[in-house]
**Q** 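Mind looking over this structure? Questions follow.
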Amino acid sequence: MKRVKLVVAYDGTAYHGWQVQPGAPTIEGELNRVLRALLDEEIKVIGASRTDAGVHALCNVAVFDTDTRIPAEKIAYALNQRLPEDIRIQASEETAPDFHPRHCDSRKTYEYRILNAQFPLPTKRLYAHFTYVPLDVDRMKQAALYLIGEHDFKSFSSPAAAVESTVRTIYQLAVTKEEDEIIIRVCGNGFLYNMVRIIAGTLIEAGRGSMEPERIKEILAAKDRAAAGPTAPACGLTLIKYEFL
């Protein structure tokens with residue numbers, strides 16, 4: 001028996017998130033289905049990040065146990081011949097038998113992209129949230145500064161989240177603009193359910209002038225989801241980096 005680690009990239013548009021759901025296509029479900037057919041074993045992958053419906057990833061991590069004689073590094077090639085075109089394995093390798101991607105210290109980096117233009121672009125409709133309302137990037141940067149560090153992010157989490165603690169640490173939170181695209185890049189030690197999308201929605205509110213950047217301090221202190229801004233659409237969000245410490 002060996003444990004194999006996969007680095008998985010996917011376009012999440014057609015899927016109901018990472019985690020298996022009855023009667024709905026998911027990334028985890030597709031990986032299990034193809035691995036079972038390839039290896040003729042009952043396979044259940046363990047994913048590092050349970051991304052939401054419509055969210056994309058360049059580098060999610062999953063592991064599974066197998067008795068196959070196929071070299072671990074060759075499994076990526078075999079899977080990519082069988083998986084749908086919107087899921088591709090970037091690497092496969094044997095890892096320690098006790099390695100669990102959700103039970104070790106890590107840093108995740110997400111990007112949220114906003115197309116801020118007069119009209120939408122069809123080629124970006126699946127990968128950026130469009131708004132024609134002018135956004136002040138400097139105000140968004142000011143608001144972002146208040147979120148860096150260790151905080152209780154209960155106000156930035158969906159009430160459906162079932163976790164022991166809502167305290168998380170954000171190491172970096174940058175807001176930049178490239179032509180008509182505003183990019184929010186956030187790196188942290190973990191994220192609550194919908195946390196990045198709520199942060200993006202709240203920064204958008206600051207950018208459009210609906211709230212002062214300093215109000216972020218009040219939102220954190222409230223520990224109430226109703227205090228923060230709306231949850232930004234899933235299409236703009238991509239997991240771009242996963243580091244194990």
**Q** Should Leu39 and Leu83 be regarded as members of a common hydrophobic cluster, given that ILVMFWY residues are connected when their side-chain heavy atoms come within less than 4.5 Å of each other, either directly or indirectly?
**A**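 Yes, same cluster.
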**Q** Any donor-acceptor pair under 3.5 Å linking the side chain of Arg225 with the backbone of Ser158?
**A**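 No; judged by distance alone, with no hydrogens or angles, the pair does not exist.
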**Q** Quick check against the 3.5 Å criterion: does Gln21 have a side-chain atom that pairs as donor or acceptor with the backbone of His16?
**A**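 Here the side-chain-to-backbone pair exists.
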**Q** Can you confirm whether more than 12 heavy atoms, excluding those of Lys2, are under 6.0 Å from its NZ atom?
**A**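 More than 12 heavy atoms, drawn from other residues, nucleotides or ligands, come within 6.0 Å of this atom.
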**Q** Under 3.5 Å, side chain of Asp105 to main-chain N/O of Leu245, donor-acceptor pair present?
**A**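 No.
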**Q** May I ask you to decide if Val133's main-chain N or O and Thr131's side chain share a donor-acceptor pair within less than 3.5 Å?
**A**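 Confirmed, Thr131 side chain pairs with Val133 backbone.
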**Q** Taking the six-membered ring for Trp, is the centroid-to-centroid distance between Tyr10 and Tyr15 below 6.0 Å?
**A**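 Not close enough - the centres of the two rings lie 6.0 Å or further apart.
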**Q** Between atom OG1 of Thr176 and atom CD1 of Ile182, what is the distance when rounded to the nearest 0.5 Å?
**A**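 Answer rounded to 0.5 Å: 9.0 Å.
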**Q** Does any non-hydrogen side-chain atom of His103 lie less than 4.5 Å from one of Ile46?
**A**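 Of all side-chain heavy-atom pairs linking His103 with Ile46, none is under 4.5 Å.
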**Q** Classify the side-chain pair Asp152/Thr166 by whether it contains a donor and acceptor separated by less than 3.5 Å.
**A**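 Their side chains do contain a donor-acceptor pair, which is all the 3.5 Å distance test asks for.
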**Q** Which atom names give the shortest non-hydrogen contact between Ile219 and Ser155, and what distance separates them?
**A**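 Looks like O-OG, 2.6 Å.
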**Q** More than 12 foreign heavy atoms under 6.0 Å from NZ of Lys108: is that the case here?
**A**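 Yes, because the 6.0 Å sphere around NZ of Lys108 holds more than 12 heavy atoms from other groups.
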**Q** Side-chain heavy atoms nearer than 4.5 Å, only ILVMFWY residues, links allowed to pass through others: does that put Tyr242 and Tyr171 together?
**A**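 Each belongs to a different hydrophobic cluster.
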**Q** Which heavy atom of Gly229 sits nearest to which heavy atom of Ile198, and what is that distance?
**A**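 Taking Gly229 first and Ile198 second, the nearest heavy atoms are O-CG2, 4.0 Å.
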**Q** Could you go step by step and tell me if Thr26 and Arg50 meet the side-chain hydrogen bond (donor to acceptor under 3.5 Å, both in side chains) rule?
**A** CA-CA 10 Å; Thr26 66; Arg50 297 172 177 173; over 6 Å; no
**Q** Decide whether Ile75 and Val34 are clustered together by the hydrophobic rule: side chain heavy atoms of Ile, Leu, Val, Met, Phe, Trp, Tyr closer than 4.5 Å, transitively.
**A**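 Yes; tracing contacts between hydrophobic side chains, which count when under 4.5 Å, links both residues.
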**Q** Please step through side chain to side chain contact (heavy atoms under 4.5 Å, CB included) for the pair Gln172 and Ile148, ending with a clear verdict.
**A** CA-CA 6 Å; Gln172 297 175 331; Ile148 296 172; over 6 Å; no
**Q** Please report the interatomic distance CG(Leu58) to OG1(Thr238), rounded to the nearest 0.5 Å.
**A**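 Here the interatomic distance stands at 6.0 Å.
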**Q** Search all heavy atoms of Glu93 against all heavy atoms of Ala72 and return the closest pair with its distance.
**A**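 Heavy-atom minimum between the residues: C-CB, 3.6 Å.
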**Q** Can you confirm whether Leu79 sits close enough to Leu35 that some side-chain heavy atom of one is under 4.5 Å from a side-chain heavy atom of the other?
**A**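 A side-chain contact under 4.5 Å exists here.
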**Q** Only one of Thr95, Thr66, Asp65 clears side chain to side chain donor-acceptor pair (under 3.5 Å) with Arg3; which?
**A**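 Only one option passes, and that is Asp65.
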**Q** Any donor and acceptor pair, going by atom type alone, linking the side chain of His129 with main-chain N or O of Cys235 inside 3.5 Å?
**A**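 Not at all, since once roles are kept as given, no pair shorter than 3.5 Å links the two residues.
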**Q** Could you check whether any side-chain N or O of Arg36 sits under 3.5 Å from a backbone N or O of Ile43, counting only pairs where one atom can act as donor and the other as acceptor?
**A**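 Between the backbone of Ile43 and the side chain of Arg36 there is a qualifying donor-acceptor contact (under 3.5 Å).
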**Q** Using the side-chain contact (heavy atoms from CB on, under 4.5 Å) rule, pick out the option among Lys217, His151, Glu218 that qualifies with Tyr146.
**A**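 Between Tyr146 and the candidates, side-chain contact (heavy atoms from CB on, under 4.5 Å) is satisfied uniquely by Lys217.
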**Q** Kindly give the heavy-atom pair with the smallest separation between Ala91 and Ala76, and that separation in Å.
**A**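 Looking at all heavy atoms of both residues, the shortest contact is C-CB, 4.2 Å.
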**Q** Drop me the distance from Glu214's CD to Leu145's CG, to the nearest 0.5 angstrom.
**A**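 If we round to the nearest 0.5 Å, Glu214:CD and Leu145:CG are 10.5 Å apart.
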**Q** Checking side-chain polar atoms at under 3.5 Å, does Tyr193 have a donor or acceptor matched by the opposite partner on Asp52?
**A**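 No, Asp52 and Tyr193 have no side-chain donor paired with an acceptor closer than 3.5 Å.
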**Q** Would a single hydrophobic cluster contain both Leu31 and Tyr77, if residues Ile, Leu, Val, Met, Phe, Trp and Tyr are joined by side-chain heavy-atom contacts under 4.5 Å?
**A**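 No, Tyr77 and Leu31 fall in different hydrophobic clusters.
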**Q** Taking the side chain as every heavy atom from C-beta outward, state whether Arg125 and Phe130 have any atom pair closer than 4.5 Å.
**A**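 Counting from C-beta outward, Arg125 and Phe130 never come under 4.5 Å.
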**Q** Taking all heavy atoms of Val175 and all of Ala144, pick out the closest pair and write down the distance.
**A**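 The pair with the smallest heavy-atom distance is CG2-CB, 4.2 Å.
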**Q** Treating Asp180 as the side-chain partner and Ala117 as the backbone partner, does any N or O pair qualify as donor plus acceptor under 3.5 Å?
**A**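 Not a single qualifying donor-acceptor pair exists.
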**Q** Looking at CG of Leu220 and CZ of Arg215, how far apart are the two atoms once the value is rounded to the nearest 0.5 Å?
**A**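 Reported to 0.5 Å precision, the distance equals 11.5 Å.
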**Q** Quick check against the 3.5 Å criterion: does Glu28 have a side-chain atom that pairs as donor or acceptor with the backbone of Val20?
**A**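 Judged by distance alone, yes, a pair lies under 3.5 Å.
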**Q** A quick test of your reading: do over 12 heavy atoms of other residues, nucleotides or ligands sit less than 6.0 Å from CG of Asp40?
**A**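 Not more than 12 within 6.0 Å, no.
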**Q** Specify the closest pair of heavy atoms between Asn80 and Ile89, including all atoms of both residues, with the distance to one decimal.
**A**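 Minimum heavy-atom separation between Asn80 and Ile89: OD1-N, 2.7 Å.
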**Q** Can you tell me how far apart CZ (Arg197) and CD1 (Ile204) are? Round to the nearest 0.5 Å.
**A**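 Between atom CZ of Arg197 and atom CD1 of Ile204 there are 11.0 Å.
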**Q** So, Arg102 side chain and Gly47 main chain: donor-acceptor pair closer than 3.5 Å or not?
**A**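 Yes, because the side chain of Arg102 sits within donor-acceptor range (under 3.5 Å) of the backbone of Gly47.
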**Q** Within this structure, what is the CZ-CE distance for the pair Phe153 and Met195, rounded to the nearest 0.5 Å?
**A**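 Result: 4.0 Å between the selected atoms.
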**Q** Do Tyr127 and Trp18 share a hydrophobic cluster, counting only Ile, Leu, Val, Met, Phe, Trp and Tyr and linking them when any side-chain heavy atoms are less than 4.5 Å apart?
**A**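 Cluster IDs for Tyr127 and Trp18 differ.
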**Q** Do Glu181 side-chain atoms and Arg113 backbone N/O form a donor-acceptor pair below 3.5 Å?
**A**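 Flag not set: sc Glu181 to bb Arg113 has no pair under 3.5 Å.
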